[in-house]
Amino acid sequence: QVQLVESGGGLVQPGGSLSLSCAASGSIFRIAVMGWYRQAPGKERELVATMTNGGSSNYADSVKGRFTISRDNAKNTVYLQMNSLKPEDTAVYYCNVRARTKRFSNDYDYWGQGTQVTVSS
């Protein structure tokens with residue numbers, strides 16, 4: 001199994017910055033993709049940003065130029081730096097890891113418990 005521990009989040013004023021981190025642990029053979037999703041009240045969960053183990057990143061259009069995803073493969077940790085935050089960024093942010101626990105097993109998606117980000121004056 002793979003466990004994810006998220007940290008960061010909180011309350012920030014519009015235009016401010018926050019950072020999130022997510023550390024994966026457990027029986028991990030390989031992590032293919034690490035990323036962040038978010039879910040606002042009354043809305044479906046949506047992709048925020050992902051990064052492959054090769055370093056290729058993908059961002060939602062709504063966060064491009066404001067958010068930066070990075071990862072430390074040695075620590076199995078993914079980060080999300082969020083700048084110029086807007087009220088519409090308010091949501092619960094979930095860490096996602098696509099990983100396999102054995103060499104010839106399938107990749108599975110694992111989710112963190114979620115952390116609240118609130119952007120409000």
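Here the structure is a predicted model, which is why all the values come from computation and not from measurement.
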Contact check, side chains of Thr115 and Ser7, non-hydrogen atoms, under 4.5 Å: no

Counterpart residues, side chain to side chain contact (heavy atoms under 4.5 Å, CB included), relative to Asn53 (two or more places apart): Arg30, Arg71

Heavy atoms from other residues, nucleotides or ligands near CD of Glu44 exceed 12 (cutoff 6.0 Å): no

Those residues that, when tested against Tyr37, pass ring pair (Phe, Tyr, Trp, His ring centres under 6.0 Å) (two or more places apart): Trp111

Pairwise side-chain contact, Gln113 with Val5, heavy-atom cut-off 4.5 Å (strictly under): no

From Gln3 atom CD to Asn76 atom CG, the distance as rounded to the nearest 0.5 Å: 11.5 Å

Backbone of Ser84 reached by a side-chain donor or acceptor of Arg66 within 3.5 Å: yes

ILVMFWY network linking Tyr79 to Val12, side-chain heavy atoms under 4.5 angstrom: no

Note, Val117 side chain near Leu20 side chain (heavy atom, < 4.5 Å): yes

Ala91 to Arg38 - nearest heavy-atom pair and separation: CB-CB, 3.8 Å

Distance, nearest 0.5 Å, that separates CE of Met34 from CD1 of Ile69: 8.5 Å

Interatomic spacing from CG in Leu80 to OG1 in Thr50 - rounded to 0.5 Å: 11.0 Å

Any donor-acceptor pair under 3.5 Å from Ser121 side chain to Gln13 backbone: no

Asp61 with Lys64: basic N within carboxylate O range, under 4.0 Å: yes

Min side-chain heavy-atom separation Phe67-Leu85 under 4.5 Å: yes

Side-chain (Gln39) to main-chain (Val92) donor-acceptor, under 3.5 angstrom: no

Point-to-point distance, once rounded to the nearest 0.5 Å, from CG of Asp89 to OG of Ser62: 7.0 Å

Side-chain heavy-atom pair Asn58, Leu47 within 4.5 angstrom cut-off: yes

Close side-chain approach of Met82 and Val63, heavy atoms under 4.5 Å: no

Reported OH-to-CZ distance for the pair Tyr108 and Arg100, which is rounded to 0.5 angstrom: 10.0 Å

Sub-4.5 Å side-chain heavy-atom contact between Tyr110 and Thr101: yes

Heavy-atom side-chain proximity of Val48 to Tyr94 below 4.5 angstrom: no

ILVMFWY network linking Tyr93 to Val33, side-chain heavy atoms under 4.5 angstrom: no

